[in-house]
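Worksheet: one structure, shown below.
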Amino acid sequence: MNVSILLAVTARVLTQLRRDRRTAAMLLVLPCVLITLLWWMFRDMPGSLFDRFGPGLLAIFPFIVMFLVTSVTTLRERSSGTLERLLAMPMGKLEFLGGYALAFGLVATVQAALAVTLSTGPLGLQVTGHVWLLGLVAVADAVLGTALGLFVSAFAQTEFQAVQFMPLFVIPQILLCGLFVPRPALPGVLHTISDVLPLSYATDAMQGLVSSTATGDVWRDLAIVAGFALAALAGGAATLRRRTP
C-alpha cells in the first residue's frame, strides 16, 4: 500500500466533507441530537433508563450514521464516474478504501468525542470505567459502520438501493445486540446469531465500561470489532467495481 496515495485520498475526502456542510453536520451533530432525544424521553420515567440504554445508543447511532453516509457517498463516486477516473491513476482499491476509512475515522473521532462528552456530562450518564475508553469504543464502532458502508456500496446500483441494505446489515444487529433484551436472555438460536454480529461486541464493551472498571473484556470486544472492520474493508476492496453497470 502506498501511504502517500492513501493520505491524498484521505485529504480529498476531508476536503469534500468540509465543503458539504449538511453532510458534515449530519455526521457530527445528528448522533448528539438523537441521544439527547432519547434522554429527554426517559428523563421523567422511573428508574435509570438512560443509564441502561445510553451505552447501547453510543454504539448504535454512530454506526448507523457512518454506514449510511459512507455507502451513499461511495456509490455517488462510482455512478458519477469519479471512481473510474481515480482508479485509472496509479492507485489500488485498497488505497482508495483505506483513504475513505481513515478520513471517516478521523471524523468518527470528533463525532465520538462530542457524543461521549454530551452523554457523560450534561446528560449525566454514569460511567464506572474509563471515559476515554468509552470514546475509543465509539470510534471503533463508527469505523465499523464506515467499513460496512464501503462494503455494501459494491453491491448497490443506486443510492436508494444502498439505503435498502440497512434492513439486512444494520437492523438485525440493533435488535440482537443486547439493547432491548440482554444477550444472555435471548433464545439459544438468537444468542448464537448475535455472537457473530459485531455490534453485539461494541454494545457489550460499552455496557461493561458503565458497570465496571475492569478492562480485559473491553479490549477483547474492541479487538473483535476492529477485526470485523478490517474484514469488511478487505471484502470491499475485493468486490469494489469501478462503475455502476
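The first residue of the sequence shown is numbered 1, and numbering continues consecutively from there.
L68 and V143 are members of different hydrophobic clusters when ILVMFWY side chains are connected at heavy-atom separations under 4.5 Å. Linking Ile, Leu, Val, Met, Phe, Trp and Tyr residues whenever their side-chain heavy atoms come within less than 4.5 Å leaves L230 and V152 in two separate clusters.
Using a 4.5 Å cut-off on side-chain heavy atoms (C-beta onward), R12 and T15 make no contact. Side-chain contact between L114 and L118: absent, with no pair of heavy atoms (C-beta onward) separated by less than 4.5 Å. Between L102 and L7, the closest side-chain pair of non-hydrogen atoms falls below 4.5 Å. No side-chain heavy atom of S194 sits under 4.5 Å from any side-chain heavy atom of L190.
Taken from CG in L144 to CD1 in I224, the straight-line distance is 12.0 Å, to the nearest 0.5 Å. Atoms CZ and CG, on R183 and D204 in that order, are 4.5 Å from each other to the nearest 0.5 Å. One distance of note links CD of Q207 with CG of D221; it measures 10.5 Å at 0.5 Å rounding. Rounded to the nearest 0.5 angstrom, F151 CZ and F67 CZ are separated by 10.5 Å.
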Sequence neighbours excluded and cut-off under 3.5 Å, please list the side-chain donor-acceptor pairs for residues 166-182, or say none.
residue: Q173; atom: OE1; partner: L199; partner atom: N; Å: 3.1
residue: Q173; atom: NE2; partner: F169; partner atom: O; Å: 2.7

Anything under 3.5 Å between a donor and an acceptor, one on a side chain of residues 132-140, the other on a protein residue two or more places apart or in another chain? List them.
none

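Contact record, V218 with A214: CG2-O, 4.0 Å, taken as the closest heavy-atom pair. Closest heavy-atom contact between P31 and V65: CG-CG2, 4.2 Å. Of all non-hydrogen atoms in I35 and F61, the two that sit nearest each other are CG1-CD1, 3.5 Å. Between Q111 and A142, the shortest heavy-atom contact is OE1-CB, 3.8 Å. Shown here for F104 and M66, the closest heavy-atom pair between the two residues is O-CE, 3.2 Å. Scanning all heavy atoms of the two residues, the minimum distance from L17 to A24 falls at O-CB, 3.6 Å.
In this structure a side-chain-to-backbone donor-acceptor pair under 3.5 Å is present from Q126 to G124. Although no hydrogens or angles enter the test, the distance criterion places a donor-acceptor pair under 3.5 Å between the side chain of T10 and the main chain of G99.
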Dump the intermediate steps for side-chain contact (heavy atoms from CB on, under 4.5 Å) on S200 and D195, then the final yes or no. CA-CA 7 Å; S200 301; D195 282 342; over 6 Å; no

Does the side-chain contact (heavy atoms from CB on, under 4.5 Å) test come out yes or no for L106 and V110, once each step is laid out? CA-CA 7 Å; L106 293 173; V110 180; over 6 Å; no

Could you walk me through whether R18 and L14 pass the side-chain contact (heavy atoms from CB on, under 4.5 Å) check? CA-CA 6 Å; R18 182 170 56 83; L14 290 176; over 6 Å; no

L34 and L30: CA distance, side-chain angles, deciding distance, side-chain contact (heavy atoms from CB on, under 4.5 Å) verdict: CA-CA 6 Å; L34 295 175; L30 186 58; 4.1 Å; yes

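Tested against L57, the residues T203, L38, L125 include a single side chain to side chain contact (heavy atoms under 4.5 Å, CB included) partner, L38.
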